[in-house]
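One structure is given below, encoded as structure tokens.
Computed over heavy atoms, backbone and side chain alike; hydrogens, waters and symmetry mates excluded. Indexing begins at 1, ligand by ligand and atom by atom, following the structure's order.
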Amino acid sequence: MLILPLLFALQTVPPGEEAVAPYVQADANAGARPARGDGLWRAFHGQAGVDRIVDDLVARNQADPRITDIFKGQDMVRLRRTLKEQFCYLLGGGCSYSGRSMKDAHRNMGVQQADMAALVENLQAAMRKEGVSFPAQNRLLAKLAPMKRDVVER
Ligand code: HEM
């Protein structure tokens with residue numbers, strides 16, 4: 001296969017991140033379609049709001065005894081960057097998503113239903129802290145909910 005070394009060569013590693021196995025980048029990897037218009041993006045306070053929410057979410061997950069072990073030894077610099085892109089894309093902020101698909105990103109991680117519930121609770125707390133309205137919170141959660149089938153292993 002000639003294509004794999006070619007992809008490796010093309011894929012640059014952003015500063016502070018670890019290299020990952022090559023994959024094809026596409027917005028479809030984000031796992032859902034973006035919201036129309038900029039209403040939802042504004043409800044999340046744009047890029048600054050999403051940056052705060054993702055930083056807070058990742059910190060909460062790392063500090064959460066229910067799921068902290070799953071994050072140990074993983075690349076949190078890359079996770080913060082790609083999560084910010086994913087949320088921006090889904091919320092109609094006009095970003096491209098450069099990360100892996102939800103299936104590829106969570107493969108063999110052993111995430112269970114209860115872990116997913118814990119992460120959603122932490123996301124709700126982060127959105128609440130940012131002052132995102134309840135209906136806007138639920139619009140993001142509705143986009144993420146079906147991704148459960150690609151994240152949770154059974
Ligand atoms: C719908 C729910 C979820 C979404 C939208 C999501 C999103 C993402 C994204 C965008 C990445 C980075 C992809 C990449 O590196 O290319 C990622 C990686 C990761 N996710 Fe999730 N995730 C979800 C659920 C979970 C849950 C429930 C856990 C564990 C409790 C989890 C743990 C992780 C970890 C540890 C990584 C880092 C993987 C690595 O560095 O190889 N995720 N997730």
Original post:
Quick one: do Trp41 and Leu141 end up in the same hydrophobic cluster if we chain Ile, Leu, Val, Met, Phe, Trp and Tyr together by side-chain heavy atoms under 4.5 Å apart?
Top reply: yes
**OP:** Counting heavy atoms only, name the option from Arg149, Met116, Met147 that's nearest to atom 2 (C) of ligand 1.
**Re:** Met116
**OP:** Could you find the nearest protein heavy atom to atom 3 (C) of ligand 1 and give me its residue, atom name and distance?
**Re:** Val151 CG2, 4.3 Å
**OP:** Starting from atom 43 (N) of ligand 1, find the nearest protein heavy-atom neighbour and note its residue, name and distance.
**Re:** His106 NE2, 2.8 Å
Original post:
Of Ile53, Leu57, Val50, which meets side-chain contact (heavy atoms from CB on, under 4.5 Å) against Leu83?
Top reply: Leu57
Original post:
Is it the case that Arg100 and Thr82 place a side-chain donor and acceptor less than 3.5 Å from each other?
Top reply: no
Original post:
At under 4.0 Å between heavy atoms, which part of Phe87 makes contact with ligand 1: side chain, backbone, both or neither?
Top reply: neither
Original post:
Does Met109 offer a backbone N or O that forms a donor-acceptor pair with the side chain of Glu153 under 3.5 Å?
Top reply: yes
Original post:
Do NZ/NE/NH1/NH2 and the carboxylate oxygens of Arg60 and Asp64 come within less than 4.0 Å?
Top reply: no
**OP:** Give the residue and atom name of whichever protein heavy atom lies nearest to atom 35 (C) of ligand 1, and the separation in Å to one decimal.
**Re:** Ile70 O, 3.4 Å
Original post:
With only distance considered, is Arg100 within less than 3.5 Å of ligand 1 through an N or O on each side?
Top reply: yes
Subject >> Nearest neighbour in protein (non-hydrogen) for atom 10 (C) of ligand 1 >> reply: Tyr97 OH, 3.3 Å
Original post:
Which option out of Met109, Gln74, Gln112 puts a heavy atom nearest to atom 36 (C) of ligand 1?
Top reply: Met109
Original post:
Quick one: nearest non-hydrogen protein atom to atom 4 (C) of ligand 1, plus distance?
Top reply: Met102 SD, 3.9 Å
**OP:** Kindly determine whether Lys72 and Asp69 satisfy salt bridge (Lys or Arg N to Asp or Glu O under 4.0 Å), including the steps that lead there.
**Re:** CA-CA 5 Å; Lys72 291 207 173 109; Asp69 286 350; 2.8 Å; yes
Original post:
Counting distance only, does the side-chain N/O of Asp104 pair as donor-acceptor with the main-chain N or O of Gly99 below 3.5 Å?
Top reply: no
Original post:
With a cut-off of 4.0 Å, which atoms of ligand 1 are near a heavy atom of Leu83?
Top reply: 7 (C)
Original post:
With a cut-off of 4.0 Å, which atoms of ligand 1 are near a heavy atom of Leu144?
Top reply: 1 (C), 5 (C)
**OP:** May I ask you to identify the nearest protein heavy atom to atom 5 (C) of ligand 1, giving residue, atom name and distance to one decimal place in Å?
**Re:** Gln86 OE1, 3.4 Å
Original post:
Purely on distance, is any nitrogen or oxygen of Arg78 under 3.5 Å from one on ligand 1?
Top reply: yes
**OP:** Provide the number and element of each atom of ligand 1 under 4.0 Å from a heavy atom of Gly99.
**Re:** 16 (O)
Original post:
What is the nearest protein non-hydrogen atom to atom 26 (C) of ligand 1, stated with its residue, atom name and distance?
Top reply: Leu119 CD1, 3.6 Å
Subject >> Spatial distance of atom CG (Leu40) from atom CD (Gln137) [nearest 0.5 Å] >> reply: 11.0 Å
Original post:
Counting from 1, what ligand 1 atoms have a heavy atom of Ala105 closer than 4.0 Å?
Top reply: 13 (C), 38 (C)
**OP:** Do me a favour and list the nearest non-hydrogen protein atom to atom 17 (C) of ligand 1 with residue, atom name and distance?
**Re:** Leu79 CD1, 3.3 Å
Subject >> Subset of ligand 1 atoms that lie under 4.0 Å from at least one heavy atom of Asp75 >> reply: 40 (O)
Subject >> Of Gln25, Arg81, Gln86, the residue whose pairing with Ser98 passes side chain to side chain donor-acceptor pair (under 3.5 Å) >> reply: Arg81
